[in-house]
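Written below as structure tokens is the structure these notes are about.
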Amino acid sequence: MRSGERAPAEPPANRLGDLDRVFERAGTMAPVLRDLDWSATPLGDPDAWPQSLRSAASICLGAKYPIAIYWGDDLTLLYNEAWSIIPGDKHPWALGKPAREVWPDIWDIVGPEFDRALQGTGMWVADRLLPMERRGYLEETYFNYNLSPIMAEDGRIEGVFNAGMETTSRVIAARHQRVLIDLIAETASATTVGEAFAGAAEALAGHREVAPFALLYRLDDGVAHLTGTTGVAAGGEGTGASVQLGVDADPWHIQEAIERRRAVVVEDIGRFADVHAHEGWPEAAHTAVTLPVVRSRRRRRRVEGVLVVGVPPGLRIDPQHQEFHAALADRFALSVLDARREEEERRMFEIEHRIAETLQQSLIPALPEVDHVDLAGCYLPGTEGLEVGGDWYDAVPLPDGSVTLVIGDVVGKGVAAAAQMGQLRNALRAYVLEGFSPGAVLSKLNHLTLSLSGSTFATLLVLRYEPGDHTVQWCRAGHLPALVRRADGTVELLDGDGSPPIGVFEGVAFRESQRRLQPNDVVVLYTDGLIEKPGEDIDVSIEQLAHRVGALPLGAGFLDAIVAPLADTDRRDDVAVLVLST
């Protein structure tokens, strides 16, 4: 070559290098690409491929992202290793085949999209449902993909560039998560096992795309009772009201799931159950999973029931579905455990309530007959929380003709409060009968209360009435003041000096007060349950009670009228009222 002369340019066909070197970049696809008889395909011999196809092939086969090239009028398919899993069992047969032959099952969806790409309009879709037949059954798949036109050197559109990724696993995982969230929401407020089963049925009914059908069985003494269904017609062999295990036909393999404590797959369910096809899918489910609902408690694994869940017909049971089914059964078992605990606690609560109420009612005395005095008492247990409190009253007549009235409130609720109240009542009666004055009674009772193991404190009002001179002597230990209703309708408070509740401080000086009453006066003693309202000042509540008492007519029915506003209401606390008419 003479100095100054240029070397001849390489032939255009070699600008990308030999196509065999391009095929080498295709990884495990390289032998398949080299061995394929391309001349028998619409693409023809690779040595004759146009430069635009060579360029597209180089980009496609060397990429690690799923890419396919559809070329020519028939949209003949060429794809890389990452894309080869998308056609499933059609790989490697799909190489060199026209798109319509590869995708007849979804051509009604993607065909118009390819037409738009060939006309120059690219597109991108996310999570597109593509019902594919790629593994011997109609499969529910989802994809993110684009379709872009490929230009030839002369500007004509000769092919379609397709990059995409299957998102089926992510779409299904999101659905599974929504089912579990709804299951939690629908069963969160369940207070009985029955409500937990009903909530689970409600949750599954809203997710037919995940559970095309479901049957919920509750286990009771060897019998599985059907408590709810979704997506399955009644009347078939598999939808009977109950299954006596070991005796009745068991098409759902309920006994096996219970004995093995794990999921059992049931195939060909159309033999014994009429399952509805889900809207948007051409066929009904044909497979189910029977899940034991096992609640673990104190190392015991008790089976509460069985959950039969249909598998979407376009999907197969894989590890992702197995994890979901395990999570579904575990979450439902937790809901059942919570509901069972609620039932047990409520049952124990009701037992305690009955015991406490019986105990307390037995300690509320029948009021004695006292000369020159009329006595009336009333006790109303609280209704909220099914607990009885420690309110009580008593009247103790003395040999000198006087009578001592007592009303008190032991802080607390339930059996403990009722028992404590009984101890205080018995001790108090003894002190009164020994002749101690109200202040001395409270002093001794305070000392006794502080000495008792596990004791609590209590508010008390002890009032002694002398019929001869109509005087009252009283002492309050943290309790509300009594009311005196005069004949003219005016009302006064017997407040005097107050002292702390008993059982709080040792050595308290319980100071007494005294006042003279008029004939026909009425004294009203009460506990805070009669007047206490959330957020309202107690002094205002006492004033309102005094106004109401002053407006009531005296005589028969006076006490009933005082408590009448509470008769049909929910009461946070119990109520005791004692009335003395002079």
Test Trp71 against Trp49 for ring pair (Phe, Tyr, Trp, His ring centres under 6.0 Å), laying out the working first.
CA-CA 11 Å; Trp71 192 263; Trp49 285 4; 8.7 Å; no
For a side-chain contact (heavy atoms from CB on, under 4.5 Å) check, start with the C-alpha distance between Leu95 and Met29, then their side-chain angles and the critical distance, and finish with the verdict.
CA-CA 11 Å; Leu95 276 169; Met29 289 275 291; 3.9 Å; yes
Run the side-chain contact (heavy atoms from CB on, under 4.5 Å) test on Asn162 and Phe114 for me, step by step, so that the C-alpha distance in whole Å, both residues' side-chain angles and the decisive distance to 0.1 Å come before the verdict.
CA-CA 10 Å; Asn162 168 223; Phe114 276 102; 5.5 Å; no
Show your working on side-chain contact (heavy atoms from CB on, under 4.5 Å) between Arg170 and Met165 and close with a plain yes or no.
CA-CA 11 Å; Arg170 181 178 59 77; Met165 180 74 72; over 6 Å; no
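Panel note: side chain Asn144, backbone Asp127; a donor-acceptor pair is recorded below 3.5 Å. With hydrogens and angles disregarded, a donor-acceptor distance shorter than 3.5 Å links the side chain of Asn146 to the backbone of Ala163. Side chain of Arg316 to main chain of Pro313: a donor-acceptor pair is present (N/O by atom type, distance under 3.5 Å, no hydrogens or angles). Thr141 places a side-chain N or O within donor-acceptor distance of the main-chain N or O of Leu130, the cut-off being under 3.5 Å. Checking side-chain atoms of Asp318 against main-chain N and O of His321 turns up a donor-acceptor pair under 3.5 Å.
Checked against side-chain hydrogen bond (donor to acceptor under 3.5 Å, both in side chains), Gln119 has no partners two or more places apart in sequence or in another chain. Shown here are the salt bridge (charged side-chain N to carboxylate O under 4.0 Å, His left out) partners of Arg156, two or more places apart in sequence or in another chain: Asp154, Glu158.
Taking the side chain as every heavy atom from C-beta outward, Met132 and Glu166 never approach each other to under 4.5 Å. Between Tyr70 and Val102, every side-chain heavy-atom pair lies at or beyond the 4.5 Å cut-off. Counting only heavy atoms from C-beta outward, the side chains of Leu245 and Leu219 approach each other to under 4.5 Å. Side-chain contact check for Glu140 versus Thr168: every heavy-atom pair is 4.5 Å or farther apart.
Between Phe213 and Trp252, the two ring planes are tilted [angle within 30° to 60°].
Screening residues 183-211 for side-chain hydrogen bond (donor to acceptor under 3.5 Å, both in side chains), with sequence neighbours left out, gives Asp182-His207, Thr187-Ser335, Thr191-Glu195, His207-Glu209.
Open room surrounds CG on Asp73; 12 or fewer heavy atoms of other groups in view lie less than 6.0 Å from it.
In this structure, Phe197 has its ring center no closer than 6.0 Å to that of Tyr217.
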